[in-house]
Chemist: 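Take a look at the following structure, please.
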Protein chains: 2
Amino acid sequence: MIADVEKRLEAAGIKPTAMRNLVLEYLLKQGSAISLAELERGLAPVDRVTVYRTLKTFEEHCLVHSINDGTGAAKYALCQEDSGEVRHHDLHVHFYCNSCKETFCLPKTLIPAVVLPQGFISEEVSLVMKGVCERCSA
Amino acid sequence: MIADVEKRLEAAGIKPTAMRNLVLEYLLKQGSAISLAELERGLAPVDRVTVYRTLKTFEEHCLVHSINDGTGAAKYALCQEDSGEVRHHDLHVHFYCNSCKETFCLPKTLIPAVVLPQGFISEEVSLVMKGVCERCSA
DNA sequence: TGATGTTTGCAATTCTGTTGCATGCGCTAC
DNA sequence: GTAGCGCATGCAACAGAATTGCAAACATCA
């Protein structure tokens, strides 16, 4: 599995290191989007800044994307692996569960087109839904 | 106008005070959504914490809603006055202008319905678009 | 007036995001 | 091999946002 992780890093154009393997591995294991603080806790005793910069690097290389779910802290989640696809600026919906407090990507749920008033030019869009996730509603 | 402001506060179930009048008046004058820091600057020399708590009070009474436009600081904007209408959990789109850095409510631009995967229950939704606003694109 | 509860202002703390700097580690060229 | 170079890491430190505690000021009502 470490081999997989490294392969994925290299595919993204990132030199694999111990820290990067660790972070990516953690993100892969994690089903939901997590914050820097959570990552730091999960990987303790690692340095917060190093994880922070690792995430920035991942983000630059489109390995992860950040989500602002309104909780105050940015969350990070892996991007879909469909490398050759449309360059998706996070065109999928994100879901924050009020019950378990986790944030999920809904990669199959695309953001519907929005017709803006005259004069407004759209460059980016983010849609965060809040409610109860499938696990908590079951 | 102070009378109007006070009337609006009372309509929301908030006891009018000098500070609350001031904050509400400022929000009314303001065309866009503003952050706590901006409010503090605009109303100087007021206490940041007092403004903060005033906004929390307003928010609890659905007089303002907060918007997370990804700039790191929450912004606040007045809710629509259509008192009797549907309880709108901010069902309109918010727009952040990359050029003038302001955040606007687009009260007429409603968030399209999103079909969630099985099991997910929606309670709230927020959609923030980024791009160029009408004034900057003109 | 006195008792009570709300509002305000100040101090202080926590948390997130971020930068600077020095060290360490691996790689390449000699 | 080793000197030099560049990138990665860890630590210290800072800025700004959000939040809490406490005490003084104020309004309210009996």
Side-chain angles (χ1 to χ4, degrees), chain A residues 2 5-6 8-10 12-27 33-61 63-77 96 101 103 126 128, chain B residues 2 5-6 8-10 12-26 33-61 63-77 96 101 103 128:
Chain A
I2 283 292
V5 169
E6 297 206 345
R8 186 140 180 199
L9 282 173
E10 276 161 5
I14 302 170
K15 185 161 55 154
T17 67
M19 172 72 16
R20 289 167 180 174
N21 290 342
L22 220 62
V23 172
L24 179 51
E25 205 185 357
Y26 198 92
L27 285 169
I34 52 175
S35 67
L36 175 59
E38 286 167 306
L39 252 168
E40 192 193 351
R41 243 173 284 132
L43 296 175
V46 296
D47 181 54
R48 194 170 90 261
V49 178
T50 305
V51 178
Y52 169 75
R53 285 197 261 234
T54 302
L55 287 171
K56 285 281 167 208
T57 304
F58 284 6
E59 207 179 354
E60 271 165 34
H61 290 77
L63 192 57
V64 304
H65 58 280
S66 70
I67 305 140
N68 208 310
D69 59 10
T71 54
K75 301 245 172 96
Y76 298 86
Y96 175 79
K101 315 292 184 206
T103 299
S126 93
V128 178
Chain B
I2 283 291
V5 168
E6 297 206 344
R8 186 139 180 199
L9 282 172
E10 275 161 5
I14 302 170
K15 186 162 55 156
T17 67
M19 172 72 7
R20 288 168 181 173
N21 289 342
L22 218 64
V23 172
L24 179 50
E25 204 185 356
Y26 197 91
I34 52 175
S35 66
L36 175 57
E38 285 167 306
L39 253 169
E40 191 193 354
R41 245 174 281 131
L43 296 175
V46 297
D47 182 54
R48 196 172 81 259
V49 179
T50 305
V51 178
Y52 169 75
R53 285 197 262 233
T54 302
L55 287 170
K56 284 281 166 207
T57 305
F58 285 6
E59 206 179 355
E60 271 165 33
H61 289 77
L63 192 57
V64 304
H65 58 280
S66 71
I67 305 142
N68 208 309
D69 59 11
T71 54
K75 301 246 172 94
Y76 300 85
Y96 174 78
K101 315 292 183 205
T103 299
V128 178

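Quick note on labels: first sequence line is chain A, next is B, and so on, each numbered from 1.
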Chemist: Rounded to whole Å, how long is the line connecting atom CD of Glu40(A) with atom C1' of dT16(C)?
Modeler: 11 Å
Chemist: Grab the two heavy atoms, one from Thr71(B) and one from Asp69(B), that are nearest each other, plus how far apart they are.
Modeler: OG1-OD1, 2.5 Å
Chemist: Using whole Å, report how far CG of Leu39(A) lies from P of dC15(C).
Modeler: 17 Å
Chemist: For Lys56(B) and dT7(C), give me the distance from atom NZ to atom C1', rounded to whole Å.
Modeler: 18 Å
Chemist: Between Ser66(B) and Tyr76(B), which heavy-atom pair has the shortest distance, and what is it?
Modeler: CB-CE2, 3.7 Å
Chemist: Identify whether any heavy atom of Thr17(A) sits under 4.0 Å from a base atom; if not, whether one sits that close to sugar-phosphate; answer base, sugar-phosphate or nothing.
Modeler: sugar-phosphate
Chemist: Between Ala37(B) and Met19(A), who's closer to the 5' end of DNA chain D by nearest nucleotide?
Modeler: Met19(A)
Chemist: Without decimals, in angstroms, what is the distance between His61(B) NE2 and dT7(C) C1'?
Modeler: 14 Å
Chemist: Decide yes or no, distance alone: a donor-acceptor N/O pair under 3.5 angstrom between the base of dG9(C) and the side-chain of Arg48(B).
Modeler: no
Chemist: Any idea which of dT8(C), dT6(C), dT19(C) is nearest the Lys15(B) side chain?
Modeler: dT6(C)
Chemist: Looking only at heavy atoms, which two atoms of Ile67(B) and Ala77(B) are closest? And how far apart?
Modeler: CD1-CB, 4.0 Å
Chemist: Identify the two heavy atoms, one from Gly70(A) and one from Asn68(B), that lie closest to each other, and give their separation to 0.1 Å.
Modeler: CA-ND2, 3.6 Å
Chemist: Per the side-chain contact (heavy atoms from CB on, under 4.5 Å) rule, which among Leu39(A), Val23(A), Val49(A) passes with Thr54(A)?
Modeler: Val23(A)
Chemist: With heavy atoms of chain B within less than 4.0 Å as the criterion, where does contact along DNA chain D begin and end?
Modeler: dA17(D) to dG21(D)
Chemist: Ignoring hydrogens, what is the shortest heavy-atom contact between Thr103(A) and Tyr96(A)? Give both atom names and the distance.
Modeler: OG1-CD1, 3.3 Å
Chemist: Can you name the one residue among Glu6(B), Glu10(B), Arg20(B) that meets side-chain contact (heavy atoms from CB on, under 4.5 Å) with Lys15(B)?
Modeler: Arg20(B)
Chemist: Once you round it to whole Å, what is the distance between P of dG17(C) and CG of Asn68(B)?
Modeler: 11 Å
Chemist: Among dT8(C), dG20(C), dG17(C), which nucleotide sits nearest the side chain of Val49(A)?
Modeler: dG20(C)
Chemist: By the 4.0 Å heavy-atom rule, please label Arg20(B) as base, sugar-phosphate, or nothing.
Modeler: sugar-phosphate
Chemist: Mind calculating the distance between CG (Leu22(B)) and P (dT7(C)) to the nearest angstrom?
Modeler: 16 Å
Chemist: What is the distance, rounded to the nearest whole Å, between atom NZ of Lys75(A) and atom C1' of dG17(C)?
Modeler: 16 Å
Chemist: Hey, does the side chain of Tyr52(A) come within less than 4.0 Å of dT16(C)'s phosphate (OP1/OP2), counting only N and O?
Modeler: no
